[in-house]
Amino acid sequence: QAKQLGRNCVVAYRDEFGAQASERLALVSQLRDALQTGQFALVFQLQFDHRRQPVGMEALLRWRHPERGLLTPDAFIAVCEDSGLIVPIGRWVLREAARHHQILVAHGWGHLRIAVNVSAAQFQQGLVEDVLSVMQAFALPAGILELELTESVVMASPDAVIRDMATLRDAGACIAIDDFGTGYSSLAYLKRLPLHRVKLDRSFVRDLGRDPDDEAICDAILRMAQRLGLCTTAEGVETDLQWEWLSTHGCEELQGYLFARPMPFEDVLALLEAPGTP
Ligand code: C2E
Ligand code: MG
Ligand code: MG
Ligand code: MG
């Protein structure tokens with residue numbers, strides 16, 4: 001009886017495992033199709049200075065899935081990274097972001113920065129060449145294209161990433177550390193990294209004005225960034241209380257639902273051109 005039960009368990013486990021693996025395989029092939037048939041899209045979230053003037057926007061990837069509707073990256077980005085598909089997809093994101101910047105230029109908003117998220121695999125597979133060729137092809141001036149990478153991207157292979165970051169900086173790209181404070185990184189790296197900006201993770205921003213521990217963490221990160229000569233952006237700003245706290249504590253730029261949600265590019269343009277707003 002026990003033996004029978006044990007065997008069933010193994011079978012059940014194997015089926016479960018097999019189902020997950022084949023689901024993943026199906027997803028990978030759907031993602032490959034998605035890239036070929038133009039199912040990916042970018043939405044853009046405006047970023048503002050402390051006086052609520054627009055300073056840039058972050059490009060965020062979406063997948064218009066034929067059956068499941070519009071998907072956010074949490075549903076597919078990990079599989080893109082594991083399968084290596086993030087390399088061609090990331091290349092598409094870069095070009096698409098640069099193309100939209102040209103439209104901004106045509107509308108007199110060419111001074112706005114455009115930020116793109118990049119994964120570790122992209123660094124390992126020709127990110128520097130991709131960025132340089134996009135900057136040249138779209139005549140992006142220095143200081144316009146910003147690359148957002150997390151601490152884990154740096155820690156994956158610090159020496160190689162630091163070298164590539166320096167090349168990118170010298171070519172006129174800006175580098176931001178995304179979700180700062182949530183990863184495993186050594187503070188010692190901060191002084192070695194050719195960085196422009198630190199983005200305060202929204203998990204610390206959420207309870208500003210309410211939780212003294214989160215306030216201590218944000219205050220420390222903001223002061224350290226200032227002392228190191230880095231710009232700061234807060235993510236996930238949703239309330240006036242958070243905005244006020246961040247402004248009085250020297251956070252230079254803000255991003256969050258309070259100011260603008262991620263939206264299609266046409267809506268960003270409409271928002272920029274609306275009289276009196278933003
Ligand atoms: P992230 O780079 O930290 O992007 C910020 C995320 O916070 C976005 O989620 C955005 O929609 C969300 N957000 C912005 N403001 C608020 C707010 O006020 N409140 C709350 N609750 N959320 C807010 P999204 O678009 O789902 O993207 C999730 C993550 O996926 C991004 O986090 C980034 O790590 C990754 N990602 C997005 N696009 C790309 C891409 O093109 N390439 C790569 N490699 N990763 C990407
Ligand atoms: Mg980001
Ligand atoms: Mg972030
Ligand atoms: Mg975040």
Side-chain angles (χ1 to χ4, degrees), residues 18-47 56-107 109 112-127 129-135 137-138 140 144-150 152-153 173 176 178-179 202 235-236 255 257 260-272:
Q20 269 175 26
S22 64
E23 224 168 80
R24 189 185 165 284
L25 271 180
L27 190 57
V28 171
S29 93
Q30 284 180 15
L31 282 162
R32 201 169 284 126
D33 278 2
L35 186 60
Q36 260 147 27
T37 62
Q39 293 171 19
F40 288 114
L42 294 181
V43 289
F44 296 85
Q45 187 177 29
L46 282 164
Q47 302 165 324
M57 62 190 75
E58 178 173 3
L60 295 160
L61 186 60
R62 297 292 181 265
W63 179 9
R64 288 197 223 95
H65 192 285
E67 286 113 42
R68 294 160 65 197
L70 193 68
L71 301 181
T72 52
D74 54 304
F76 62 89
I77 208 84
V79 173
C80 293
E81 289 176 340
D82 297 345
S83 63
L85 275 174
I86 195 65
V87 175
I89 294 171
R91 205 174 282 136
W92 177 85
V93 170
L94 266 174
R95 299 196 77 80
E96 201 57 10
R99 188 174 70 77
H100 282 98
H101 185 264
Q102 282 196 320
I103 306 176
L104 286 178
V105 172
H107 285 80
W109 293 98
L112 297 187
R113 287 191 318 261
I114 195 138
V116 166
N117 294 283
V118 295
S119 299
Q122 293 176 262
F123 269 96
Q124 285 145 25
Q125 295 190 53
L127 179 74
E129 294 81 71
D130 290 346
V131 171
L132 297 186
S133 82
V134 161
M135 286 183 69
F138 292 88
L140 285 181
I144 290 297
L145 181 64
E146 184 160 81
L147 303 170
E148 296 194 1
L149 42 127
T150 59
S152 63
V153 172
D178 206 349
D179 305 338
R202 75 164 184 266
E235 304 185 308
Q255 180 178 350
Y257 295 167
R261 291 190 171 249
M263 55 182 91
F265 186 76
E266 298 68 48
D267 295 358
V268 173
L269 268 188
L271 192 61
L272 289 171

Atom [atom1] in [X], atom [atom2] in [Y]: separation rounded to 0.5 Å?
{"X": "Leu85", "Y": "Gln30", "atom1": "CG", "atom2": "CD", "value": "12.0 Å"}
{"X": "Arg64", "Y": "Leu70", "atom1": "CZ", "atom2": "CG", "value": "7.5 Å"}
{"X": "Phe76", "Y": "Arg62", "atom1": "CZ", "atom2": "CZ", "value": "7.5 Å"}
{"X": "Ile114", "Y": "Leu140", "atom1": "CD1", "atom2": "CG", "value": "8.5 Å"}
{"X": "Leu46", "Y": "Leu272", "atom1": "CG", "atom2": "CG", "value": "5.0 Å"}
{"X": "Glu96", "Y": "Phe265", "atom1": "CD", "atom2": "CZ", "value": "10.0 Å"}

Side chains of [X] and [Y] in contact at under 4.5 Å (non-hydrogen atoms):
{"X": "Leu104", "Y": "Met57", "value": "yes"}
{"X": "Ser133", "Y": "Phe138", "value": "no"}
{"X": "Cys80", "Y": "Leu31", "value": "yes"}
{"X": "Asp178", "Y": "Leu149", "value": "no"}
{"X": "Ile103", "Y": "Leu269", "value": "yes"}
{"X": "Pro88", "Y": "Leu35", "value": "yes"}
{"X": "Leu94", "Y": "Leu127", "value": "yes"}

Could you report the tightest heavy-atom contact between [X] and [Y], atom names first, then the distance?
{"X": "Ala75", "Y": "Leu27", "answer": "O-CD2, 4.3 Å"}
{"X": "Ala59", "Y": "Val116", "answer": "CB-CG2, 4.5 Å"}
{"X": "Ala97", "Y": "Leu42", "answer": "N-CD1, 3.9 Å"}
{"X": "Met135", "Y": "Ala173", "answer": "CE-N, 4.2 Å"}
{"X": "Glu148", "Y": "Ala115", "answer": "OE2-CB, 3.5 Å"}
{"X": "Ser83", "Y": "Arg24", "answer": "N-NH2, 4.0 Å"}

Taking only residues two or more places apart in sequence, or in another chain, which ones meet [X] in a side-chain contact (heavy atoms from CB on, under 4.5 Å)?
{"X": "Leu132", "value": "Val128, Ala171"}
{"X": "Ala34", "value": "Gln39, Phe40, Trp63"}
{"X": "Ser152", "value": "Thr150"}

Check your understanding: Mind checking whether Phe44 and His100 have ring centres under 6.0 Å apart?
Key ->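 Distance test on ring centres: under 6.0 Å, yes.
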
Review point. Should we count CD of Glu23 as having more than 12 external heavy atoms under 6.0 Å?
Key: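 Incorrect, the count does not exceed 12.
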
**Study point:** Sole candidate of Leu271, Val43, Leu60 that passes side-chain contact (heavy atoms from CB on, under 4.5 Å) when paired with Met263
**Key:**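 Testing Met263 for a side-chain contact (heavy atoms from CB on, under 4.5 Å) against Leu271, Val43, Leu60 leaves exactly one candidate, Leu271.
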
Output all residues satisfying salt bridge (Lys or Arg N to Asp or Glu O under 4.0 Å) with [X], sequence neighbours left out; order by chain, then residue number.
{"X": "Arg261", "result": "none"}
{"X": "Arg91", "result": "Asp130"}
{"X": "Glu81", "result": "none"}

Review point. Counting only N and O atoms by type, is there a donor-acceptor contact under 3.5 Å from the side chain of Gln122 to the main-chain atoms of Ser119?
Key: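 Pair found, side chain donor or acceptor close to backbone of Ser119.
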
Check your understanding: Would Val93 and Val118 satisfy side chain to side chain contact (heavy atoms under 4.5 Å, CB included), going step by step from the backbone distance to the final call?
Key -> CA-CA 9 Å; Val93 170; Val118 295; over 6 Å; no

Practice item. May I ask you to check whether Gln255 and Gln47 show a side-chain donor-acceptor distance below 3.5 Å? Key: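 Yes, side-chain donor-acceptor contact under 3.5 Å.
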
